[in-house]
Structures are given as C-alpha cells and as structure tokens.
Amino acid sequence: MARLTALDNAMGDLFSREEAPDRWLAPGALHLPGGATRLGPGSRWLHAWIDAVSARAPFRHMQTPGGQTMSVAMTNAGPLGWVSDRQGYRYSPLDPLSHVPWPPLPPELLELARRGAEAAGFAGFVPDACLINRYEPGARMSLHQDRDEADLNHPIVSLSLGLGAEFLLGGLGRRDPVQRLILHGGDLLVLGGEARLRFHGVAPLKAGAEGEVRFNLTLRRAAP
Ligand code: MD3
Ligand code: FE
C-alpha cells in the first residue's frame with residue numbers, strides 16, 4: 001500500500017469544497033463534514049487502504065435472506081465482518097468467499113473511529129468490524145435498522161468517500177418521516193444513543209464524473 005505523509009494528505013484534500021460546521025441531525029446523530037481529514041488520515045490514504053483490502057477480500061454483491069441481490073457491493077475489514085446470504089444476516093470472522101480472516105483494521109482507522117465517537121459524546125469506542133459499501137450509479141440501500149450487533153449501546157461511525165449521496169434518516173418506526181441530507185466524500189456521521197436504532201437508507205446514486213463511485217465505511221462494535 002502506498003504510504004502517504006501528512007503533507008500528501010493535506011494536498012489531496014486541499015481543493016475540496018468548503019466545509020460546513022458539525023451539526024446534530026437528531027439526539028445521538030452527529031454529522032461532521034470533512035471529518036475524515038480533520039480527525040483521520042484523509043481520503044487519499046483511505047482510498048489506497050480500500051484498494052489493499054479489496055485485493056484480498058473482493059467486493060461482492062451479497063444475497064438477502066429473501067433471495068434478492070443487493071445493488072451495493074460489500075467487503076469487510078477487522079476481526080468480524082457483516083455478511084448476508086439465504087441463511088440470514090450475521091457477523092463472521094471469516095470471509096465466506098475465501099474462508100480466511102478479513103483484512104485487519106489499521107490503527108489509523110481505529111483512531112479515527114475513536115475520535116469521531118468521542119466528538120459525539122461516546123468515549124472509548126473500540127470497533128471490531130468495518131463494513132465497506134461500494135455504490136455505483138443506481139445502487140441504493142433501502143430503509144433499515146442496524147441491529148445485528150450484540151450490544152446496541154455502542155455507536156456506529158460512518159465515513160463516506162467519493163461521490164456524494166442522498167442519505168435518509170428516519171425515526172424509530174419504519175413509517176416515520178425522514179430527513180434528507182447529502183453525505184459528501186470525506187464526511188463522518190456518528191450514530192449512537194437514542195439514534196442508534198433509527199431507520200436509515202441511501203437514495204439511488206446519481207452518476208458523477210466517469211468511473212466515479214461512492215464508498216461508505218461503517219466502523220462498528222459487533223461483539224459485546
Ligand atoms: C443511522 N450504510 O451499512 S451510513 C449500513 O451510506 C448503512 O452506506 C449507509 O446504512 C451508507 O448499514 C449509511 C450512515 C449510518 C450508519 C449506521 C446507522 C446511519 C445510521 C445506524 C443507525 C442510524
Ligand atoms: Fe445501516
């Protein structure tokens with residue numbers, strides 16, 4: 001993997017859009033525009049890391065328990081990875097394609113997750129799973145709750161890269177009204193406390209420049 005200095009990171013993000021201030025979308029839900037660079041290694045480093053992970057654990061379109069193929073392609077890093085197939089949703093220590101452990105979570109990402117969670121009031125967050133979603137134009141994620149983790153008191157730290165996407169944040173009931181906001185590349189979103197079980201989703205990705213995609217990393221604590 002390419003090693004990048006702090007100067008390289010700053011240059012890589014130098015010409016990014018002007019950043020909005022951190023904002024609470026709801027109690028327990030903090031949006032940190034540009035948080036990947038302010039609190040972590042920046043998007044150049046993160047893109048290079050995703051390339052290295054996906055060389056060992058390729059992106060794949062998982063099956064839902066109902067037999068649909070997901071439009072988002074996924075892989076994982078860390079001691080546990082989120083998987084879905086006809087048997088259901090669960091966390092697994094092994095990649096079902098290769099039967100070997102997922103690539104490790106580097107200290108840079110653990111530190112970014114810890115800092116993001118701390119900014120939202122969740123001190124001492126230590127993730128053990130990182131789900132990496134890849135959206136190509138048209139890919140979407142329908143409204144759902146994340147409840148496959150053993151202890152829902154732990155927050156989730158989400159990091160977006162590449163194309164912006166329309167994110168939908170609903171309430172605790174599936175039919176509750178949704179707030180919409182654009183998650184840009186480099187943004188962090190922290191979800192914990194009373195926001196942890198809110199329904200949420202992503203509208204179909206609109207095409208950007210040729211070949212552009214969106215990645216979303218969610219840092220989670222899956223084991224208690
Ligand atoms: C709100 N991913 O992987 S990240 C997912 O952009 C997922 O790929 C979306 O939903 C994406 O499960 C959204 C932001 C996010 C993550 C977890 C949440 C929002 C959340 C948990 C509770 C409430
Ligand atoms: Fe989710």
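Predicted, not measured: the structure shown is a model, and the values here were computed from it. For ligands, and for the atoms within them, numbers begin at 1 and follow the listed sequence.
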**Request:** Run the salt-bridge test on Arg114 and Glu111 with the 4.0 Å N-O cut-off and return the result as yes or no.
**Result:** yes
**Asked** Taking the Fe ion (ligand 2) as the vertex, what is the angle from NE2 of His144 to OD2 of Asp146, given to 10 degrees?
**Response** 130°
Identify all pairs of nitrogen or oxygen atoms, one from ligand 1 and one from the protein, separated by less than 3.5 Å, and list them with distances.
from	atom 1	to	atom 2	distance (Å)
ligand 1	3 (O)	Asn133	ND2	3.0
ligand 1	3 (O)	Arg220	NH2	3.1
ligand 1	6 (O)	Arg214	NH1	3.0
ligand 1	6 (O)	Arg214	NH2	3.0
ligand 1	8 (O)	Asn133	ND2	3.0
ligand 1	8 (O)	Tyr135	OH	2.6
ligand 1	8 (O)	Asn216	OD1	3.4
ligand 1	10 (O)	His144	NE2	3.2
ligand 1	10 (O)	His200	NE2	2.9
ligand 1	12 (O)	His144	NE2	3.2
ligand 1	12 (O)	Asp146	OD1	3.3
ligand 1	12 (O)	Asp146	OD2	3.0
ligand 1	12 (O)	Arg220	NH2	3.0

**Polar contact flag, side-chain donor to acceptor under 3.5 angstrom, Trp82-Asn76** = no
Show which side-chain atoms of residues 124-132 pair as donor or acceptor with protein atoms under 3.5 Å away, not counting sequence neighbours.
from	atom 1	to	atom 2	distance (Å)
Asp128	OD1	Ala222	N	2.6
Asp128	OD2	Ala223	N	3.0

**Prompt:** So does Glu194 pair up with Arg196, basic N to acidic O under 4.0 Å?
**Reply:** no
**Message:** Distance alone, cut at 3.5 Å: any donor-acceptor contact between the side chains of His31 and Asp22?
**Reply:** no
**Asked** Is Asp95 paired with Arg60 through a side-chain N to carboxylate O contact shorter than 4.0 Å?
**Response** yes
